[in-house]
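Notes to accompany the following structure.
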Amino acid sequence: MLKLVRSYKNMMPFTITILFIIYQLLSSAVTPPLIGEQPYRYLLYWSLFVFSSTAVNLIPLYMGALARRNPHPIRNLGKIVFFFFSIGISGILLALLLFKSFAARDIWLLFFPLSHNDFPFAASLLVWYILGYRISTYLDSLSANNKHSIMLFLMWLFVAMPFIFNKPLWGINSASSLVWTGFLFILGNYFSDSRSYSKKYYLKYAGLFLLSLLALVLFLKIAPISQTPGNLDSRFFSSYAVIPFILSLCLFNIFKKSFTITTSAIKHHAYSSWMIFTAVIFTSLPIFNYRLKTNYMIANKLSLVSWLKELIVCSGIILLIVICLTLLFNRLARLSLISRRLEKISPKQLSDVYNFTPFVKKMIKNNKRLIFSFIWGAVLTIIQFWSVQLATNRLTINLLKQTLLTSQNQILLNVLIFLTLFIALYALINRYTYSLFIATGISIFISISEYLKIKMRNEPILPADLSMITSIDELAKMIGNFALYGIIALLIVLTVSSILITLKFERNYHNRFHSWRKRLLTLLFSGIILFFSLGISDKSSVSSIIQGAFSVQNIAWDATRNAQLNGPVLQFFSGLSPSIMPEPSGYSKSKIAQITKKYSAEAHKINKTRKNSLNNQTVIFVLSESYSDPNRVPNLKVTPNPIPYLTSLKKQTTSGLMLSTGYGGGTANLEWQSLTGLSYSNLSSTLSLPYYQIVPQQKSAPAFTDLFKNKVAIHPFTATFYNRINVFKKFGFQKFYYVGSKDKLTYTQKLDNSTMISDRSAYNETIKQARKYRKGSTFIQLTTMQNHQPYNDFYTSSKYKISGSAVNDADKQKLQTYSQGLNYTDWALRSFIRKINKINRPVTLVWYGDHLPGLYSGDSMSKYGLQLHQTDYFIYSNQEASKLKQNIASPYQFPALSLAAGNNKVSPYYALLTKVSADLPAMNTNPSFDGEKNNSYNIFVSQANKIVQKKSLSKKQKELLHDYLLIQYDLTAGKQYSATWAQQKVK
């Protein structure tokens with residue numbers, strides 16, 4: 001490493017590198033101070049900025065000086081490409097290591113660096129570097145007087161005239177301009193010809209340098225700068241202005257002797273010259289600049305000494321990275337394996353660049369099959385995206401265009417997945433046509449199946465559908481006989497075609513992989529790419545990072561929309577979870593048998609004290625969308641109280657706070673808990689939606705509905721979200737009323753300008769069903785929609801005053817709309833309770849809000865996480881007066897609590913849930929969970945609303961918890977030894 005700085009001959013490139021790094025830091029990671037607020041820092045910042053900006057001028061000067069000693073610069077083009085690609089990869093790897101993120105754009109720029117104009121300076125330098133020797137040769141052919149006159153004329157044109165008129169006369173509006181860098185390149189070539197190194201020579205330039213610095217400080221005081229560095233455009237301070245130009249020229253001539261003896265620095269791959277190139281590319285990477293601005297901004301609130309210290313430390317770290325990368329890539333480029341390939345791709349002479357067309361033709365010819373595979377994959381991928389769109393939308397040009405515009409990155413990722421799959425098949429089969437036809441067949445099958453499944457059932461292909469592959473009858477029922485046999489016929493045609501083409505043209509592509517080692521490595525590498533592109537894990541996993549880089553958004557609540565935005569392939573794999581739930585210790589068939597026997601006895605014991613059975617009773621679960629008392633939110637006051645009836649009703653009933661696993665969303669997870677009696681917090685942290693990732697895979701899905709004869713679900717909205725249609729069918733619901741269902745909703749009125757069916761209508765629909773079933777036990781599940789986001793100004797009446805820091809000013813109108821909606825719900829609830837009281841049979845109502853609305857952005861989730869995950873709940877009975885002491889509850893407790901509130905007997909499974917509800921603190925997911933910090937995903941909350949540590953549970957509580965975990969694991973991820981036991985009715 002000392003090679004870079006140990007000799008005087010490397011002083012110029014080393015100085016340029018340091019100055020360029022400081023310049024980039026001051027441009028991106030420091031907010032310019034104002035002269036009125038921080039005068040000394042203002043002078044220091046802008047003096048440093050203008051002085052460091054001389055590096056931008058010194059680079060072309062330095063390159064121009066070395067040009068005449070490098071007759072074949074074009075031969076280094078391969079190494080330049082290698083350095084650029086390696087530096088770009090290094091930037092992505094550093095981002096992955098430090099920040100666990102990158103963007104698809106970062107990869108795109110590696111292959112098409114000029115497409116986004118992120119490297120204008122490097123591109124300008126490259127042009128003059130390639131032309132350098134020709135320019136130098138021409139200048140050397142001129143007489144000294146002619147060269148002198150040309151230089152004076154150029155300085156008049158490009159420095160003096162823009163300074164006098166203060167206009168970008170020659171299109172020079174940045175130091176990266178091709179014209180400006182060319183001028184400096186020629187100037188550097190001209191001054192390098194001078195051999196004057198007398199004391200007088202140095203004193204002249206040193207004196208001019210000091211005068212320029214003084215002039216800089218003087219002008220900073222006279223004409224304060226109020227612009228940002230990126231917009232700086234003035235006759236004094238911008239890199240191409242007169243003062244930085246003079247400073248650059250002085251520094252260049254002072255250090256000139258340090259590199260005149262390096263007669264072939266670039267030709268012989270001098271470390272110092274490549275260090276400049278590394279610094280320019282690395283600090284120009286978009287990912288580098290983005291992280292500087294978001295993670296390493298040097299705050300102006302620091303003291304001047306601390307501010308300067310941070311600047312020095314950051315500069316030193318970046319310099320160290322640049323030095324290490326330069327040494328590493330120089331060493332790699334000298335390896336025979338790499339150097340031979342670099343020499344092969346590098347043009348031999350400048351005329352080879354002019355003959356670009358033959359070069360491109362040769363590249364296309366050598367890689368025609370790979371290029372065709374990529375293009376073919378792009379066509380098939382776009383067809384996939386269109387197939388899922390056309391299943392729910394009418395075919396229009398705008399629809400096709402919109403798909404391409406909104407899902408560009410996702411389409412690119414899907415194309416890369418297709419290409420990787422094809423390459424893996426190619427390595428495995430070693431036949432181009434077979435591999436391409438198999439990949440094509442898979443893609444076409446996905447497109448047709450997705451279209452038909454969404455068209456008929458309004459949902460895409462899910463992992464649970466894989467079970468149908470072995471059943472032709474089930475497949476035929478799902479997509480129709482004609483479609484099924486049409487797909488089979490198409491696959492047969494593709495197979496026969498691939499065989500015929502292979503036999504006819506086998507000689508052209510047979511055994512592309514001549515070595516089994518290459519095939520094995522290719523297959524292994526392709527498998528790794530597919531695994532990390534399609535795998536689903538926590539947010540910090542490689543899979544999540546890669547998908548995030550390509551703008552993949554997992555819309556977990558709407559599988560169809562997920563498929564339309566991200567493509568059916570990514571949607572399918574998003575439904576897979578690496579782990580449903582950690583396996584509790586001691587899990588076995590015999591252990592489950594012990595537990596079922598234990599709680600069968602417990603059920604017998606509990607039923608001795610219970611007088612009622614569910615026969616001829618009605619139990620209603622009402623999930624009230626986004627319902628939660630806003631006056632319980634920290635740092636918020638809503639006046640008057642929008643929910644006076646609920647406030648009084650909670651004092652008369654079993655009621656309290658319910659722990660929600662979501663904030664602003666996640667309704668289905670609350671439903672799943674209340675219907676199954678299982679805690680979402682016991683599942684794996686990587687699992688997002690049981691309705692997609694658990695229920696479809698379960699052979700048997702025990703639920704509270706198993707205890708009832710009549711089972712009805714109501715949801716006054718579309719049922720395509722959260723896979724409800726399939727899940728409710730599996731839970732045994734006989735009727736499901738929703739917008740668009742075969743069984744029509746009777747009440748669909750809306751309030752004012754709201755787009756949602758009102759809670760009053762939803763409650764009337766529920767009462768209608770409750771009155772309809774007069775014999776046998778009845779269970780009704782209602783999920784309302786009135787208070788669902790968005791909270792636009794829907795209501796004509798709005799009387800609520802909002803105060804407090806929990807809500808930003810921009811969201812206060814939304815909170816007023818939300819509060820008015822709560823008030824309408826409160827009135828509807830009063831009417832609902834009155835109508836329940838008139839039903840001449842026992843009715844137990846479990847009513848709860850699912851989560852808070854996502855409006856309280858002013859409150860810190862780390863500080864108020866528990867409060868922001870608590871909603872209201874109550875349990876009401878029209879004939880039983882029992883009031884349970886349950887201040888804090890979780891949704892999984894509602895089946896057991898509803899049975900207790902109605903004084904109803906329990907089955908063995910609900911005896912276990914009764915014990916869990918009574919003897920254990922309520923469980924919930926940790927609002928502050930962070931997988932990287934290894935804190936607990938599951939928390940316990942006592943009846944005093946305090947978080948309880950698991951280690952503080954008693955021995956009996958830990959034993960009970962372990963029993964519960966074993967049963968939950970067995971039902972969701974295990975062998976389901978206890979499924980029949982969990983589904984039995986009350987005897």
Side-chain angles (χ1 to χ4, degrees), residues 14 16-34 37-38 40-53 55-56 86-107 109-110 116 118-119 121-122 175-176 225 227-232 239 275-326 328 539-540 545 548-549 860 862 930 932-933:
F14 192 73
I16 291 172
T17 302
I18 294 174
L19 289 176
F20 193 84
I21 290 170
I22 294 172
Y23 171 71
Q24 292 288 67
L25 270 174
L26 292 172
S27 300
S28 301
V30 182
T31 302
L34 301 175
E37 297 177 0
Q38 297 171 308
Y40 294 110
R41 189 172 305 185
Y42 163 83
L43 285 174
L44 178 60
Y45 173 86
W46 285 110
S47 297
L48 276 173
F49 178 81
V50 175
F51 177 61
S52 62
S53 72
V56 183
S86 300
I87 293 166
I89 289 292
S90 300
I92 293 173
L93 291 176
L94 281 172
L96 284 172
L97 181 65
L98 298 175
F99 310 106
K100 293 183 170 57
S101 72
F102 72 100
R105 180 176 181 234
D106 301 316
I107 297 178
L109 287 175
L110 295 181
H116 282 65
D118 287 295
F119 307 98
F121 184 51
S176 61
I225 300 175
Q227 295 173 278
T228 60
N231 297 324
L232 187 60
S239 304
M275 181 174 62
I276 297 175
F277 181 77
T278 304
V280 170
I281 298 302
F282 183 76
T283 58
S284 299
L285 292 172
I287 197 168
F288 174 85
N289 284 294
Y290 173 76
R291 286 303 169 187
L292 278 183
K293 293 174 182 177
T294 54
N295 298 92
Y296 294 108
M297 285 294 291
I298 301 174
N300 276 332
K301 64 182 180 181
L302 296 172
S303 67
L304 184 60
V305 174
S306 299
W307 181 86
L308 193 58
K309 182 180 177 182
E310 278 208 30
L311 181 63
I312 293 170
V313 170
C314 286
S315 301
I317 292 171
I318 297 170
L319 177 63
L320 183 62
I321 293 172
V322 167
I323 291 173
C324 291
L325 292 179
T326 305
L328 173 64
K539 292 182 179 180
S540 62
I545 292 167
S860 166
S862 60
D930 186 339
E932 295 180 20
K933 295 180 180 178

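This is a predicted model, so every value here is computed, not measured. Because only heavy atoms are used, hydrogens play no part in the values below, and waters and symmetry mates are left out as well, while side chains stay in.
Using a 4.5 Å heavy-atom threshold, the side chains of Leu285 and Asp106 count as separate. Considering only heavy atoms from C-beta on, Val30 stays 4.5 Å or farther from Leu25 through its side chain. Looking at heavy atoms from C-beta onward, Trp46 lies in side-chain contact with Pro32 at the 4.5 angstrom threshold. Between Phe49 and Ser27 there is a side-chain heavy-atom pair separated by less than 4.5 Å. Within the 4.5 Å cutoff, the side chain of Val322 has heavy atoms near those of the Met275 side chain. At least one side-chain heavy atom of Ile323 sits less than 4.5 Å from a side-chain heavy atom of Phe14.
Separation of atoms OG (Ser86) and CG (Leu325) is listed at 9.0 Å; rounding is to 0.5 Å. Taking SG of Cys314 as the start and CG of Leu319 as the end, the distance is 12.5 Å to the nearest 0.5 Å. In this structure, OG in Ser315 is found 12.5 Å from CG in Leu320, a value given to the nearest 0.5 Å. Rounding to the nearest 0.5 Å places CG of Leu26 at 6.0 Å from CG of Leu48. Remark: Leu308 CG to Ile298 CD1 distance equals 9.5 Å, nearest 0.5 Å. Atom CD1 of Ile318 is separated from atom CZ of Phe288 by 3.5 Å, given to the nearest 0.5 angstrom.
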N/O donor-acceptor pairs under 3.5 Å from side chains in residues 16-24, not counting sequence neighbours:
residue: Thr17; atom: OG1; partner: Pro13; partner atom: O; Å: 2.8
residue: Gln24; atom: NE2; partner: Thr283; partner atom: O; Å: 3.1
residue: Gln24; atom: NE2; partner: Thr283; partner atom: OG1; Å: 3.3

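Looking at every heavy atom in both residues, Phe119 comes nearest to Ile281 through CE2-O, 4.1 Å. Shown here for Ser303 and Arg41, the closest heavy-atom pair between the two residues is C-NH2, 3.1 Å. Closest heavy-atom contact between Ser860 and Ser862: OG-OG, 2.8 Å. Residues Ala95 and Ile287 approach most closely at CB-CD1, 3.1 Å, considering heavy atoms. A pairwise comparison of heavy atoms in Trp307 and Leu44 identifies CZ3-CD2, 3.8 Å as the closest pair. Here the closest non-hydrogen pair linking Tyr296 and Leu98 is OH-CD1, 4.5 Å.
In this structure a side-chain-to-backbone donor-acceptor pair under 3.5 Å is missing from Asn295 to Leu292. Not one N or O on the side chain of Tyr45 forms a donor-acceptor pair closer than 3.5 Å with the backbone of Thr31. With hydrogens and angles ignored, the 3.5 Å screen pairs no side-chain donor or acceptor of Ser306 with any backbone N or O of Leu302.
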key: Verdict with reasoning, Ser101 to Arg291, per side-chain hydrogen bond (donor to acceptor under 3.5 Å, both in side chains)   = CA-CA 10 Å; Ser101 72; Arg291 286 303 169 187; 2.3 Å; yes
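Qualifying ring-ring contact (aromatic ring centres under 6.0 Å, His included) partners for Phe51, counting only residues two or more places apart in sequence or in other chains: Phe209. Annotation: ring-ring contact (aromatic ring centres under 6.0 Å, His included) contacts of Phe102 (sequence neighbours excluded): none.
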